[in-house]
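Before any comments, here is the structure.
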Amino acid sequence: MNPKKIMVINTHAPYGKATARESLDAVLAASAYDQDLSLLFLGDAVFQLLQQQDTAALEAKSLSTALPVLPLYDVTAIYAQQSALDARGLTRADLVLDVECLENHQITALMDSQDILLSF
Amino acid sequence: MILHTVNKSPFSHSLLEACLAIMGAKHSLLLLEDGVYGTLKTSPMAAALAERGRAGAIYALEADLRARGLTDTALLSCVKPIDYAGFVRLATEHSKVQSWF
Amino acid sequence: MIFSLAVYGAPYSSQASDSAYRFAAAALAGGHSIYRLFFYADGVHNATRLAAPPQDELDLPQRWRTLIQAHKIDSVVCIAAALRRGIINREEAERYERDADNLAPGFEISGLGQLVDAAVHSDRLVTFGD
């Protein structure tokens, strides 16, 4: 079977709900399946990408530490919504990963080109 | 062709706005659960939905509308109520489903 | 058409699992098939066999069991999400030395890879988030 284009779509900020962490777990699981995997961060999910998330007091795993391992799993197609970054006063320099920032019309086209969307 | 589903009220969440921002011309939208409050003429996204609705393809789950006491007169005319069989049909008619929650 | 459903919401907490159940029932009634139900995050609570809702209320875990058994649907509970939340089968209860198990018949505990496998082997994946 040809590899399928799978995009994991994140819309949630980290920690308040477990969704961000559960999405990352799904990404790591999916990375083992030899599919064409990509990640998209929309809206509040761009907060997942912030540097220096110190979760020691929460006794929880930090996404600042967890997300940079993605390239080690060959997950390198990582996109963030430019308008979401702008609305939150963030730039690429604030982010823990080297993501590609996309305008909304580019996001629409990218989602259209996928075989499978995993919504988180 | 993507079917987007939104299950949160636009009066308290920005999900519907976020969804509309990246909805393609051939995409469709289904409002369900608390998402059906987005069908009200008084919704913060009413103008955007009405604009979008001219191209058709905005749906709301009838069971969720009825459960919340949302009556025809208060609803945007571009919204088509559907049942769960209609939801299944929409899912078959689009190549993918993106859920906003 | 072949569907898989991903269910993230707990019964009695959000409407997500109820919507998922009604979608599944409608899909089957419409002549479609379901490759897999995947219960993740709080959705794993749908798989307890110990829920005891009031008799005049919908028993959603029971509805799932009936649907799953009637249509022989492959129904997977994510192991990481389930064990964290105390949804556990006998094998895992023994492994972790817990004094009881609660996974309902018809459900199996497995890894997140089953979600990816479901997405790859179905025509449509529909997610019900809470």
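All chains are named by letter (A, B, ...) in the order of the sequence lines, taking the proteins before the strands, and each is independently numbered beginning at 1. No experiment lies behind these values; they were computed from the predicted model shown.
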Which of the residues A/Asp115, A/Thr108, A/Leu118 is involved in the greatest number of heavy-atom pairs with chain B at under 4.5 angstrom?
A/Thr108
On a heavy-atom basis, the closest approach of A/Ser119 and B/Val97 is OG-O, 4.1 Å
If you count heavy atoms of other groups shown closer than 6.0 angstrom to CZ of B/Phe11, is the number above 12?
yes
Taking everything shown except A/Asp34 itself, do over 12 heavy atoms lie less than 6.0 Å from its CG?
no
Verify, without hydrogens or angle tests, whether B/Lys96 (side chain) and A/Gln114 (backbone) share a donor-acceptor contact under 3.5 angstrom.
yes
Is it the side chain or the backbone of A/Thr19 that comes within 4.5 Å of chain B heavy atoms, both, or neither?
side chain
Measuring heavy-atom distances to chain A, does B/His4 have an atom under 4.5 Å in its side chain, in its backbone, in both, or in neither?
side chain
Measure the shortest side-chain to side-chain distance between A/Ile9 and B/Trp100 over non-hydrogen atoms and say whether it is less than 4.5 angstrom.
no
Just checking A/Gln52: does its CD atom have more than 12 heavy atoms from other residues, nucleotides or ligands closer to it than 6.0 angstrom?
no
Counting heavy-atom pairs under 4.5 angstrom with chain A, the leader among B/Lys26, B/His27, B/Met23 is B/His27
Does the pair A/Asp112 and B/Met1 meet the rule for a side-chain contact (heavy atoms from CB on, under 4.5 Å), with working shown?
CA-CA 7 Å; A/Asp112 276 334; B/Met1 291 272 280; over 6 Å; no
Chain B contact via A/Gln81 - side chain, backbone, both or neither, heavy atoms under 4.5 Å:
side chain
Check: B/Phe101 main-chain N/O paired with A/His12 side-chain donor or acceptor under 3.5 Å
yes
Flag yes if more than 12 heavy atoms outside A/Arg88 fall under 6.0 Å of its CZ atom; otherwise flag no.
yes
With a 4.5 angstrom heavy-atom cut-off, is it the side chain or the backbone of A/Asp44 that approaches chain B, or both, or neither?
neither
One option among A/His105, A/Gln106, A/Met7, A/Met111 has the most heavy-atom pairs under 4.5 Å with chain B, and it is A/Met111
Rounded distance (nearest 0.5 Å) linking atom SG of B/Cys19 with atom CG of A/Leu42:
10.0 Å
Under 4.5 Å from a heavy atom of chain A, the part of B/Ala21 involved:
both
